[in-house]
S.K.: 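Have a look at the structure that comes next, please.
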Amino acid sequence: MIMQPRQLLFTALSALMIIVTSCKPKAPVDETKQKNHQDTHKIEITFTPGTMEGDKFLPSNEASATIIASQASGWRQDKVITVRTDTPYFVQVKHYSKSGQPINREYATNGEDRIHQHFFMPKIKNSELKATDIIDYKYLDTDPWDAPISTDAKVIGKENPIGLKGSMTFKVPTEHLQIRLRLLHARGSKWSSEGKVSPFYQPSIWTANGQYDLDFTFEVNVVSKK
C-alpha cells in the first residue's frame, strides 16, 4: 500500500515526537520533599572513651556517658557530662521516631546515606581559635552500617561520612562547651560535583539548598587530662 504525502508527513511527525519524548531528561528529585525516613523525635549521644588504632576504635574499660534529648522536652538535654582533653571518644548518635522506634537504619540505607551527614560544630568564643583547634572528629561509619563499636568491618567514613558513629577528641579545657549537632538532608547529594564532602565542622556551599532533619545544640564540660 502506497502512503499519500499527508500520511507520510503524519507518520514522520509521530516518529519524531516519540524520539523527543523518550530523550527528554527526567526532572531531578527534590529529596527534601520526598523523605524515605521518619522524623527524629529523640536522640541519644553516647561518649565512650578509648584509643584509636588507624581507623579502628578500641574502647577502654571506663564507663560510657549518654546525653538524651527529645522533642517532648523541647530538645533540652537531660544532663551535662564531663569529658577529658586528648582522649578519643567514640561518639554514637541514635535516632528514635515518635513511637520510640530506632530509625538509624532509615538514615543509612535505601540510598539515604548519600544525602545525610551529621555535623559537629563547636561554638567558638575565642576569635583566634578555629573549630579544629577545639575538637577533632573522624567519621567512623561502617559497611555494614550497624557493625558494633569495636569491629573489623570496613570503615567508610572518609568516603561516605554520615556521623552515626565517629571519634571525637577535645583539645582545650572548656566549661560548658556548646556543640551544634546538625543532620543535613541534601536535595540531591551531599557530595560536590567533584566528589568532595563537607568537613565535620561546616556544611559546604554545595549543600546550601539542603534542609536539616535535626538541629540541636548540646554542651559538655571539658577538663584537662590528668
S.K.: Say whether, by atom type as modelled, one donor and one acceptor occur between the side chain of S198 and the main chain of S204 under 3.5 angstrom.
M.R.: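 Yes, because the side chain of S198 sits within donor-acceptor range (under 3.5 Å) of the backbone of S204.
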S.K.: On a heavy-atom basis, which atom in Q77 and which in F216 lie closest, and how many Å separate them?
M.R.: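 Residues Q77 and F216, closest heavy atoms: CB-CZ, 4.3 Å.
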S.K.: Let's go through D39 and K98 carefully: what are the C-alpha distance in whole Å and the side-chain angles of both, what is the deciding distance for side chain to side chain contact (heavy atoms under 4.5 Å, CB included) to 0.1 Å, and is it a yes or a no?
M.R.: CA-CA 8 Å; D39 291 331; K98 188 175 182 179; over 6 Å; no
S.K.: L181 versus M121: any side-chain heavy-atom pair under 4.5 Å?
M.R.: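 With C-beta onward as the side chain, the pair stays apart.
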S.K.: Step through the shown structure and confirm whether more than 12 heavy atoms of other residues, nucleotides or ligands are within 6.0 Å of NZ on K79.
M.R.: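 Atom NZ in K79 is packed in, count exceeds 12.
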S.K.: Within the distance-only criterion (no hydrogens, no angle test), does the side chain of T109 pair as donor or acceptor with the backbone N or O of R105 below 3.5 angstrom?
M.R.: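 The answer is yes, because a donor-acceptor pair under 3.5 Å joins these two groups.
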S.K.: Quick check: does any side chain N or O of R114 sit under 3.5 Å from a backbone N or O of G188, one acting as donor and the other as acceptor?
M.R.: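 Looks like yes, one N/O pair under 3.5 Å.
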S.K.: Taking all non-hydrogen atoms of both residues into account, name the closest pair between K165 and D146 and its distance.
M.R.: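 Minimum heavy-atom contact is NZ-C, 4.3 Å.
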S.K.: Restricting to non-hydrogen atoms, name the atom on D113 and the atom on A108 that form the minimum distance, rounded to 0.1 Å.
M.R.: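 Heavy atoms only, the tightest pair is CB-O, 3.8 Å.
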S.K.: Classify the ring geometry of F200 against Y137: parallel below 30°, tilted from 30° to 60°, perpendicular beyond 60°.
M.R.: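 It falls in the tilted class, 30° to 60°.
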S.K.: What residues, two or more places apart in sequence or in another chain, satisfy salt bridge (Lys or Arg N to Asp or Glu O under 4.0 Å) together with E219?
M.R.: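 Result, salt bridge (Lys or Arg N to Asp or Glu O under 4.0 Å) vs E219: none returned.
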S.K.: Do I43 and K94 touch side chain to side chain, with heavy atoms closer than 4.5 Å?
M.R.: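 I43 vs K94: side chains apart.
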S.K.: Does a side-chain heavy-atom distance below 4.5 Å link T40 with Y96?
M.R.: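 A side-chain contact is absent here, since even the closest heavy-atom pair is not under 4.5 Å.
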S.K.: Apply ring-ring contact (aromatic ring centres under 6.0 Å, His included) to F119 and list each qualifying residue two or more places apart in sequence or on a separate chain.
M.R.: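 In terms of ring-ring contact (aromatic ring centres under 6.0 Å, His included), with neighbours along the sequence ignored, F119 is linked to no residue.
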S.K.: Locate the shortest heavy-atom distance separating G50 from T87; write the atom from each residue and the value.
M.R.: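 The pair with the smallest heavy-atom distance is O-CG2, 4.4 Å.
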S.K.: Can you check whether S189 reaches W206 side chain to side chain, under 4.5 Å on heavy atoms?
M.R.: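 Sidechains of W206 and S189: no contact.
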S.K.: Check whether any side-chain heavy atom of T85 sits under 4.5 Å from a side-chain heavy atom of V172, and report yes or no.
M.R.: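 Not in contact.
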S.K.: For S192 and E194, indicate whether the former's side chain and the latter's backbone hold a donor-acceptor pair under 3.5 Å.
M.R.: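 Present.
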S.K.: Taking side chain as C-beta onward, heavy atoms only, is V223 less than 4.5 Å from P173?
M.R.: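 No, side chains not in contact.
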S.K.: Verify the distance criterion only: is there a donor paired with an acceptor across the side chains of H41 and Q71 at less than 3.5 Å?
M.R.: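 Indeed, the side chains of H41 and Q71 share at least one donor-acceptor pair under 3.5 Å.
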S.K.: Please tell me if the side chains of Q38 and Q101 come closer than 4.5 Å, counting only heavy atoms from C-beta onward.
M.R.: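 They are in side-chain contact.
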S.K.: Search all heavy atoms of M168 against all heavy atoms of V91 and return the closest pair with its distance.
M.R.: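 Closest approach of M168 to V91: CB-CG2, 3.7 Å.
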S.K.: Taking the inter-plane angle between the rings of H37 and Y107 on a 0 to 90° scale, is it parallel (under 30°), tilted (30 to 60°) or perpendicular (over 60°)?
M.R.: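 Ring orientation, 0 to 90° scale: tilted.
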S.K.: Mind telling me whether H185 and H116 have parallel, tilted or perpendicular rings, with 30° and 60° as the class edges?
M.R.: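 H116 and H185: perpendicular rings.
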S.K.: Show me the donor-acceptor pairs within less than 3.5 Å that the side chains of residues 54-69 make with the rest of the protein, sequence neighbours left out.
M.R.:
unit_1	atom_1	unit_2	atom_2	d
S60	OG	P49	O	3.1
S60	OG	E62	N	3.3
E62	OE1	R84	NH1	3.1
E62	OE2	R84	NH2	3.1
S64	OG	T48	OG1	2.6
T66	OG1	T46	OG1	2.9

S.K.: Within a 6.0 Å radius of atom NZ on K171, are there more than 12 heavy atoms belonging to other residues, nucleotides or ligands?
M.R.: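 Buried by this count: over 12 neighbours within 6.0 Å.
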S.K.: In chain order, what residues pass the salt bridge (Lys or Arg N to Asp or Glu O under 4.0 Å) check against D136, with sequence neighbours excluded?
M.R.: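 Per chain and number, D136 pairs via salt bridge (Lys or Arg N to Asp or Glu O under 4.0 Å) with K138.
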S.K.: Can a donor-acceptor pair be found, under 3.5 Å and without considering hydrogens, that links the side chain of N126 to the backbone of E128?
M.R.: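 The answer is yes, because a donor-acceptor pair under 3.5 Å joins these two groups.
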S.K.: Please determine whether residues F120 and V155 belong to a single hydrophobic cluster, defined as Ile, Leu, Val, Met, Phe, Trp and Tyr linked transitively by side-chain heavy-atom distances below 4.5 Å.
M.R.: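 No, F120 does not connect to V155 through the hydrophobic network.
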S.K.: Determine yes or no for a side-chain-to-main-chain donor-acceptor pair under 3.5 angstrom, with K123 supplying the side chain and I179 the backbone.
M.R.: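 Not at all, since once roles are kept as given, no pair shorter than 3.5 Å links the two residues.
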S.K.: With clusters defined by side-chain heavy atoms of hydrophobic residues (ILVMFWY) lying less than 4.5 Å apart, directly or transitively, does W75 cluster with V93?
M.R.: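 Same cluster: V93 reaches W75 through Ile, Leu, Val, Met, Phe, Trp or Tyr contacts under 4.5 Å.
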S.K.: Look only at the side chain of E44 and the backbone of H95, and say whether a donor-acceptor pair between them is shorter than 3.5 Å.
M.R.: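 Side chain of E44 to backbone of H95, a donor-acceptor pair under 3.5 Å: no, none is there.
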S.K.: Apply side chain to side chain contact (heavy atoms under 4.5 Å, CB included) to the pair I156 and W145, showing each step before the final yes or no.
M.R.: CA-CA 9 Å; I156 60 172; W145 71 271; over 6 Å; no
S.K.: Is a side-chain donor or acceptor of S70 paired with a backbone partner of S73 at a separation under 3.5 angstrom?
M.R.: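 At least one qualifying donor-acceptor pair exists.
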S.K.: The criterion is salt bridge (Lys or Arg N to Asp or Glu O under 4.0 Å); which residues satisfy it with D213, sequence neighbours excluded?
M.R.: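 Checked D213 against salt bridge (Lys or Arg N to Asp or Glu O under 4.0 Å); matches are K35.
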S.K.: Determine whether Y201 and I124 fall in the same hydrophobic cluster, where Ile, Leu, Val, Met, Phe, Trp and Tyr are linked whenever their side-chain heavy atoms lie under 4.5 Å apart.
M.R.: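 Yes, because Y201 and I124 connect within a single hydrophobic cluster, where side-chain heavy atoms sit under 4.5 Å apart.
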S.K.: Who pairs with D215 by salt bridge (Lys or Arg N to Asp or Glu O under 4.0 Å), at least two apart in sequence or on another chain?
M.R.: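 Only R180, R182 meet the salt bridge (Lys or Arg N to Asp or Glu O under 4.0 Å) criterion with D215.
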S.K.: Show the numbers, then the answer: is there a side chain to side chain contact (heavy atoms under 4.5 Å, CB included) between I135 and L177?
M.R.: CA-CA 10 Å; I135 64 172; L177 172 63; 4.3 Å; yes
S.K.: Are any non-hydrogen side-chain atoms of L164 and H118 less than 4.5 angstrom apart?
M.R.: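 Result yes, sub-4.5 Å side-chain heavy-atom pair found.
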S.K.: With respect to I162, which candidate in N104, L140, D141 satisfies the side chain to side chain contact (heavy atoms under 4.5 Å, CB included) definition?
M.R.: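 Between I162 and the candidates, side chain to side chain contact (heavy atoms under 4.5 Å, CB included) is satisfied uniquely by D141.
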S.K.: Quick one: do W191 and N160 satisfy side chain to side chain contact (heavy atoms under 4.5 Å, CB included)? Show the steps, please.
M.R.: CA-CA 9 Å; W191 289 279; N160 187 8; 3.7 Å; yes
